[in-house]
Amino acid sequence: MRIQGAWRRSIEELDSGAVRVFDQTKLPFEIAEISLATEAECARAIRSMEVRGAPLIGVVAAYGLVFALEHDASDENLRAAFERLVETRPTAVNLAWALKVVRISVQHAPIGERALAARHVARVIAKDDAAACEAIGRYGLAVLERIWREKKQGAALNVLTHCNAGWLATVDWGTALAPIYMAHDAGIPVHVWVDETRPRNQGLLTAFELRAHGVPCTFVADNAGGHLMQRGDVDVCIVGCDRVTRRGDACNKIGTYLKALAAKAHDVPFYVAMPWSTYDQCLVDGVRDIPIEDRSGDEVRLVHGLDGAGARASVTLLPPEQGVRNPAFDVTPAELVSAFVTERGVFDAAGLEAEFKRNAAERLHG
Ligand code: MRU
């Protein structure tokens, strides 16, 4: 996608074999690139959220396993590196999914061929993610265009999104943002309400992406969404997700659930954009069973930005004795989701499971 006028992907292989990613902790003020060449560097980048977003952390974890096998391709190290990487972040299922895909693909290969085979699989995972997001964009564009034609008589379509589910969170295009980019490119006037998404402020990344692509957007505090929907200023919500269960419970960045409740109350359609790598067929009840990452309270205590002189600065909001809890995700029950926009079409919750079974049967029987 577009960054400083050039088309880039969020992750690219370098000639050295390392991967180049953007350090997302520095955005939007600084576009810093970092290269990852070892399993430990990949693990650190995922934990610290230098790379973030469910699909992207899956790809980075896959490369982490590649680097681990390049160092030592024994069964023992394959198992140990898998275990180390899978623990880096618990909620987004793409991470475990990508690691399993690599492990299954290489575990029966001769030890001397494993690293190269793993690299090939990591490349395929990255390529497929970009293709999936592009397809999500096309299906989502049809959804946005229909709502725009039905509701807006030529006026701008107001879309609300939460967190960052753009190209920075994936390999390219994004999930929730892909339909928005395509609508904009197709000449549909679209305006985006960008939720700040405290405490990590992923909304800053979303606004950065949208500005770079020329999509009109307005940044709002997380608490503004209900008010905007009540006033009729939101035509549709679209968000990404980190894990979706078999019955369609959708786990996404903390605060998504509140937006879904407000959308239901005000009859605003609420879409979840989802590559199939985010579907967890092993879980049914998302509220009960999806592991929710609890992150450091310092993410709530501290606010980061630039000071008056333009230098990076952090300020603390709370005295040290103040207890803080920082759940990073929440679960939106299936009944609050209008439909899921996937690379294989748009499905309601029941249709999602039916499509999963249909696809599995098709793969089995050719
Ligand atoms: O904690 P993060 O920043 O890694 O959050 C994950 C996300 O980016 C979102 O929840 C997103 O909406 C889904 S990923 C396309």
Side-chain angles (χ1 to χ4, degrees), residues 1 10-11 21-25 27-28 45-61 88-98 129-130 132-134 136-137 140 159-181 192 194-209 222 237-244 249-260 270-280 286 290-296 299-300 326-332 337 340-343:
M1 295 300 287
S10 67
I11 180 164
V21 295
F22 294 105
D23 180 349
Q24 299 194 27
T25 63
L27 288 168
I46 294 170
R47 268 208 191 85
S48 65
M49 291 172 66
E50 287 164 333
V51 292
R52 44 148 298 285
L56 179 61
I57 61 179
V59 176
V60 172
T88 49
R89 291 196 71 190
T91 299
V93 75
N94 309 59
L95 189 145
W97 170 85
D129 183 68
C133 288
E134 193 174 349
I136 287 170
V159 183
L160 182 140
T161 193
H162 189 75
C163 193
N164 171 258
W167 67 268
L168 284 163
T170 63
V171 173
D172 207 348
W173 286 104
T175 56
L177 294 195
I180 293 171
Y181 290 131
V192 185
V194 179
D195 278 355
E196 179 182 15
T197 318
R198 279 277 289 150
R200 288 296 295 240
N201 296 354
Q202 285 91 341
L204 294 170
L205 304 172
T206 296
F208 165 79
E209 281 195 29
D222 291 321
C237 298
I238 183 162
V239 297
C241 54
D242 296 83
R243 193 185 295 232
V244 173
D249 293 343
C251 181
N252 191 48
K253 184 51 57 193
I254 191 78
T256 305
Y257 173 44
L258 275 174
K259 297 299 144 70
F270 189 91
Y271 288 89
V272 172
M274 178 200 95
W276 280 92
S277 54
T278 305
Y279 186 70
D280 186 349
I290 295 179
I292 299 295
E293 178 179 14
D294 261 310
R295 292 187 62 88
S296 162
E299 293 186 346
V300 179
N326 182 18
F329 298 91
D330 60 26
V331 176
T332 297
V337 179
F340 295 86
V341 184
T342 81
E343 66 270 38

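The figures here come from the full heavy-atom set of this structure, side chains too, leaving out hydrogens, waters and symmetry mates. All values derive from a computational prediction rather than experimental measurement. Counting starts at 1 for both ligands and their atoms, in listed order.
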(request) For R295, check salt bridge (Lys or Arg N to Asp or Glu O under 4.0 Å) against everything at least two apart and list the hits. (result)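 Salt bridge (Lys or Arg N to Asp or Glu O under 4.0 Å) list for R295, sorted by chain: E293, E299.
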(request) For A176, enumerate each residue passing the side-chain contact (heavy atoms from CB on, under 4.5 Å) test, keeping only those at least two apart in sequence or located in another chain. (result)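 Partners of A176 under the side-chain contact (heavy atoms from CB on, under 4.5 Å) test: T161, A165, I238, A273.
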(request) Please identify each residue that fulfils side-chain contact (heavy atoms from CB on, under 4.5 Å) with S296, with sequence neighbours left out. (result)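 With neighbours one apart ignored, the set is D298.
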(message) Between D222 and R198 (salt bridge meaning N to carboxylate O under 4.0 Å), is one present in this structure?
(response)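 Looking at D222 and R198, the cut-off is not met.
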(request) Could you pull out every protein residue that has a heavy atom closer than 4.0 Å to ligand 1, ordered by chain and then number? (result)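 If the criterion is a heavy atom under 4.0 Å, then ligand 1 touches M49, R52, G53, A54, P55, R89, C163, N164, A165, A169, T175, Q202, G240, C241, D242, N252, K253, F329.
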(message) Please report the interatomic distance CG(L177) to CH2(W167), rounded to the nearest 0.5 Å.
(response)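 Between atom CG of L177 and atom CH2 of W167 there are 11.5 Å.
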(message) Could you tell me if T25 and D23 have a donor-acceptor pair between their side chains, going purely by distance under 3.5 Å?
(response)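 Side-chain D/A pair, D23 to T25: present.
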